Each structure stands twice: as C-alpha cells, then as structure tokens.
Chemist: 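Sending over a structure as structure tokens; questions will come in a sec.
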Amino acid sequence: MPELPEVEIVRQSLDKNIKQKKVKKVIIRNKNLRFKLPTHFKNFLENKKITRVTRFSKYIILNLPKNEFCIIHLGMSGTLHLIKDKNKNNLTNLSFYNSPLLPKNHNHIEIIFNKFKVVYNDPRRFGFFQLIKTIKNLNKRFSHLGPEPFDKKFNVKYFKNFIKNKKKKVKDLLIDQKFVSGIGNIYVSEILFLSKINPYKKVNLLNKKECNIIIENSKTILLKAIKKGGSSIRDFKNTEGSKGNFQDSFKVYQRNGLNCKRIGCKGIITKKVIANRSTFFCNTCQN
DNA sequence: AAGAGGCCCTGATAGC
DNA sequence: TGCTATCAGGGCCTCT
C-alpha cells in the first residue's frame with residue numbers, strides 16, 4: 001500500500017495521537033509477520049512512553065525513552081488503526097476488540113494505551129516491526145538506503161555519480177531504494193510523466209538537465225501527494241479512517257488506454273511491465 | 001557486479 | 001455459482 005507520502009500521513013496521525021502516551025499493554029495475535037516478532041517484543045514496549053513518532057523513507061519510527069526505537073514497515077498491505085475505547089479503561093472488553101472500524105481478519109498486533117489502542121492489520125504480512133536499542137543501530141539499520149528525495153544529498157552530483165557505469169532503465173533506478181528512498185511503484189510513473197522521460201530510457205543516456213528535472217519532480221510529486229493526504233487506491237486510510245485524495249491527481253497510474261492529460265498531446269497511456277511491476281506512461285510525450 | 005527475475009502472502013477481480 | 005488465473009502500494013535473495 002504505502003510509499004513515502006502514505007507513510008508520512010500515517011506518521012502524522014500517529015504522532016498526533018500517541019506522542020507522550022504510555023503503552024499500557026501489548027497483545028500479539030500473530031507474531032509471524034515478514035520477520036518473526038522477537039520474544040521480548042511485548043516486554044520491550046509495555047510501560048514505555050512514546051516520546052514521538054518519526055519516519056525515514058517508508059519506515060515509521062516509534063521513539064522511546066533512552067534512545068530506544070521500534071520501527072514499523074507496512075509492506076504492501078499493512079495498516080494502522082486508531083481505535084478509541086468508548087467504555088474507557090476496560091482493556092479486555094470484547095466490543096473494543098471487535099470494533100466496526102477494524103477489518104475482520106489479520107489484526108496481528110494491538111498496542112493499548114489509556115482509552116484507545118493502535119491496531120496493526122496486514123493481510124499479506126509483508127510488513128514488520130523491529131526493535132532497536134541505540135541510535136547507532138538505528139542509523140545502521142538504514143545505512144543501505146539512499147537519501148530521501150528531499151535530502152540535500154539527493155543532487156545532480158550524487159545522481160550522475162550513482163548512474164556511472166549503469167545501464168538499467170530509469171524506472172528501475174527510481175524504485176531502487178539504494179539510490180533514493182521513499183519512491184515506489186505509483187509515484188515513479190507520475191514522476192517520469194511529469195519529467196517527460198520514458199521509463200525505458202537507460203540511465204547512462206540521461207543528461208544533467210534530465211537528472212535535475214527528475215530530482216525536482218520527485219520532490220514536487222511526493223510533496224503534493226502528502227498535501228493531499230496520500231493516495232487511496234484500494235483502501236489506504238490514515239489511522240483515523242480518512243482517505244487520501246492524490247489518486248484523483250494521477251496523470252498516468254492505472255490510466256492505461258485513456259488519453260494523455262498533457263495539454264496538446266494526443267497520446268494514449270500505455271501499461272508495460274518493467275522491473276516486474278506495472279509501469280504507466282505516454283509513449284507520445286515521454287521520450 | 002549489475003541487472004533480471006523469483007519469492008514471501010492473502011484477497012479482489014476478471015474471465016470462462 | 002464456482003472454478004482458476006492474474007494482479008496488487010515492497011524488499012530481499014539468488015542466479016547469470
């Protein structure tokens with residue numbers, strides 16, 4: 001489900017609701033996520049205060065006291081739900097668990113606070129939670145990832161240097177998290193459309209100007225998506241159940257067979273599989 | 001060593 | 001109605 005904008009929306013609503021709140025209880029209903037939950041998961045979190053909720057790339061970071069962290073990755077289908085307990089403090093109340101706001105199945109983890117709880121749901125279980133005990137280890141955890149698009153480090157010099165001796169397709173480059181982290185399969189199509197660059201273009205053929213355009217448009221698209229609350233294809237919602245609106249702004253994603261939206265272009269949006277993922281582009285105005 | 005491709009998993013939808 | 005096939009926002013691993 002989530003690329004950087006959706007994860008940021010989840011982070012914002014999480015931070016608003018659980019910052020400075022103490023975890024009362026953790027219930028693990030299924031520990032077999034992408035990585036098996038460590039045995040001390042429950043003990044690690046219980047009775048600790050969440051100092052704040054931050055994010056790097058597509059990872060949510062629950063900051064705990066004494067430089068301890070719990071990172072959450074939503075994979076393809078993970079969602080976090082904020083459920084308020086109308087019956088106040090009764091943590092074992094069944095109606096609280098069976099909230100109509102929750103999906104019926106795959107509610108794997110519940111983090112219970114006073115009068116509300118956060119529930120992690122993930123049908124495909126590609127998501128995961130990991131515990132990290134020092135800042136050093138937190139940095140190490142993300143060390144293989146490239147800068148976010150907003151980072152000053154994501155500049156032309158870095159770009160040109162990275163693509164040196166590489167011949168992969170530009171679509172493949174932009175979803176490579178080692179190059180730039182946070183862009184996923186939806187936004188790469190939108191960024192390349194805005195840049196008028198064909199997703200098949202080999203990176204060794206990109207000139208400096210094109211690199212610059214990609215850098216700028218990556219920021220533009222992701223920021224716009226964040227402003228619109230993310231993209232709700234299928235069923236993305238923030239923790240409080242509101243949908244995003246950026247899907248209404250898609251120029252190419254899932255628009256195969258439809259007219260190109262670029263003014264003056266008579267092209268038709270095409271869908272092709274690149275790097276094992278559906279890719280959408282106009283083969284008239286994207287060269 | 002870069003790049004292509006497969007795999008982890010469940011559910012929704014399309015096609016017969 | 002009910003079967004099977006295909007596809008889905010990610011990331012990691014293996015093979016060539």
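The chains referred to below are lettered A, B, ... by the order of the sequence lines, with proteins before strands, and numbering in each begins at 1. Nothing here was measured: the structure is a model prediction, and the numbers come from that model.
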Chemist: Nearest whole angstrom, please: distance from the C1' of B/dG3 to the CG of A/L173.
Modeler: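 Nearest whole value for this atom pair: 12 Å.
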Chemist: Can you find a side chain N or O atom of A/K271 that sits less than 4.0 Å from OP1 or OP2 on C/dA8?
Modeler: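 True: A/K271 side-chain N/O within range (under 4.0 Å) of C/dA8 OP1/OP2.
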Chemist: Is there a donor and acceptor pair closer than 3.5 Å between the side chain of A/N276 and the base of B/dG6?
Modeler: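 Such a pair exists between side chain and base.
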Chemist: Between B/dG3 and C/dG9, how far apart are the P atoms? Round to whole Å, please.
Modeler: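 My reading of the P atoms in C/dG9 and B/dG3 gives 22 Å.
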Chemist: Looking only at side chains, do A/Q130 and A/Y59 share a donor and an acceptor under 3.5 Å apart?
Modeler: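 A/Y59 and A/Q130 do not have a side-chain donor-acceptor pair below 3.5 Å.
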Chemist: Using the P atom on both, measure C/dA5 against B/dC7 and round to a whole Å.
Modeler: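 Approximately 16 Å lies between the P atom of C/dA5 and that of B/dC7.
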Chemist: Just compare C/dG9, C/dC12, B/dG11 and give me whichever is closest to any side-chain atom of A/R34.
Modeler: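 The answer is C/dC12.
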Chemist: Nearest-Å distance, NZ (A/K178) to C1' (C/dC13)?
Modeler: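 In whole Å, C/dC13 C1' and A/K178 NZ are 11 Å from each other.
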Chemist: Ion pair present between A/K168 and A/D176, side-chain N to carboxylate O less than 4.0 angstrom?
Modeler: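 Answer for the salt bridge query: yes.
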Chemist: Can you tell me if the side-chain N/O atoms of A/S77 get under 4.0 Å from OP1 or OP2 in C/dG9?
Modeler: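 So the side chain of A/S77 is outside the cut-off, no N or O lying under 4.0 Å from OP1 or OP2 of C/dG9.
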Chemist: Fill in the dot-bracket string of DNA chain C, one character per base: . for unpaired, | for a pair to another strand, ( ) or [ ] for pairs within the strand, taking Watson-Crick or G-U pairs under 3.5 Å.
Modeler: .|||||||.|||||||
Chemist: Does a side-chain N or O of A/K58 approach OP1 or OP2 of C/dG9 to a distance below 4.0 Å, or not?
Modeler: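 Checking C/dG9 against A/K58, no side-chain N or O comes under 4.0 Å of OP1 or OP2.
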Chemist: Roughly how many Å is it from CG in A/L145 to P in C/dG11, rounded to a whole number?
Modeler: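 One finds 8 Å between P of C/dG11 and CG of A/L145, rounded.
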Chemist: If the P atom of C/dC7 is compared with that of B/dG5, how far apart are they to the nearest Å?
Modeler: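 Their P atoms lie roughly 15 Å apart.
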Chemist: Would you find more than 12 non-hydrogen atoms of other residues, nucleotides or ligands less than 6.0 Å from A/K167 atom NZ?
Modeler: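 No, because the 6.0 Å sphere around NZ of A/K167 holds 12 heavy atoms or fewer from other groups.
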Chemist: Can the ring centres of A/Y253 and A/F246 be said to be less than 6.0 Å apart?
Modeler: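 No, the ring of A/Y253 stays outside the 6.0 Å limit from the ring of A/F246, centre to centre.
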Chemist: In whole Å, what is the span from the CG atom of A/D172 to the C1' atom of B/dA1?
Modeler: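 Result: 15 Å.
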Chemist: With no hydrogens and no angle check, do the side chains of A/Y200 and A/T279 hold a donor and an acceptor under 3.5 Å apart?
Modeler: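 Not at all, the side chains of A/Y200 and A/T279 share no donor-acceptor pair under 3.5 Å.
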Chemist: Looking at A/F280, does the NZ or CZ of A/R255 lie under 6.0 angstrom from its six-membered ring centre and within 45 degrees of the ring axis?
Modeler: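 Ring-cation test returns no.
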Chemist: Does anything in residues 118-132 of chain A come within less than 4.0 Å of DNA chain C? Heavy atoms only, and list the residues if so.
Modeler: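 Going residue by residue through residues 118-132 of chain A, the ones with a heavy atom under 4.0 Å of DNA chain C turn out to be A/R124, A/F126.
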Chemist: With under 30° as parallel and over 60° as perpendicular, where do the rings of A/F179 and A/F159 fit, or are they tilted in between?
Modeler: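 It falls in the perpendicular class, over 60°.
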Chemist: Whole angstroms only, please: what is the NE2-P distance between A/H106 and B/dG11?
Modeler: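 Those two atoms, NE2 and P, are 3 Å apart.
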Chemist: Tell me which nucleotide among C/dC12, B/dG11, C/dG11 gets nearest to the side chain of A/Q177.
Modeler: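 Nearest to the side chain of A/Q177 among the choices is C/dG11.
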Chemist: How far, in whole Å, is C/dT6 from B/dG6 if one measures between their P atoms?
Modeler: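 Each nucleotide's P atom is 13 Å from the other's.
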Chemist: For A/K164 and B/dG3, give me the distance from atom NZ to atom C1', rounded to whole Å.
Modeler: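 Those two atoms, NZ and C1', are 20 Å apart.
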Chemist: Can you tell me the distance, in whole Å, between the CD1 atom of A/I221 and the P atom of C/dG9?
Modeler: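 Those two atoms, CD1 and P, are 17 Å apart.
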Chemist: Heavy-atom count check: over 12 atoms from other residues, nucleotides or ligands less than 6.0 Å from A/N165 CG?
Modeler: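 Not buried by this count: 12 neighbours or fewer within 6.0 Å.
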Chemist: Any chance the side chains of A/N212 and A/K209 put a donor and an acceptor closer than 3.5 Å?
Modeler: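 Note: A/N212 and A/K209 side chains miss the donor-acceptor criterion.
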Chemist: Whole angstrom is fine here: how far is it from CG in A/D176 over to C1' in B/dA4?
Modeler: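 Those two atoms, CG and C1', are 13 Å apart.
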Chemist: Is the distance from OP1 or OP2 of B/dA1 to the nearest side-chain N or O of A/K166 less than 4.0 Å?
Modeler: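 No, A/K166 has no side-chain N/O under 4.0 Å of OP1/OP2 on B/dA1.
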Chemist: Between A/N67 and A/T134, does any side-chain donor sit less than 3.5 Å from a side-chain acceptor?
Modeler: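 Checked: A/N67/A/T134 side chains show no N/O donor-acceptor pair below 3.5 Å.
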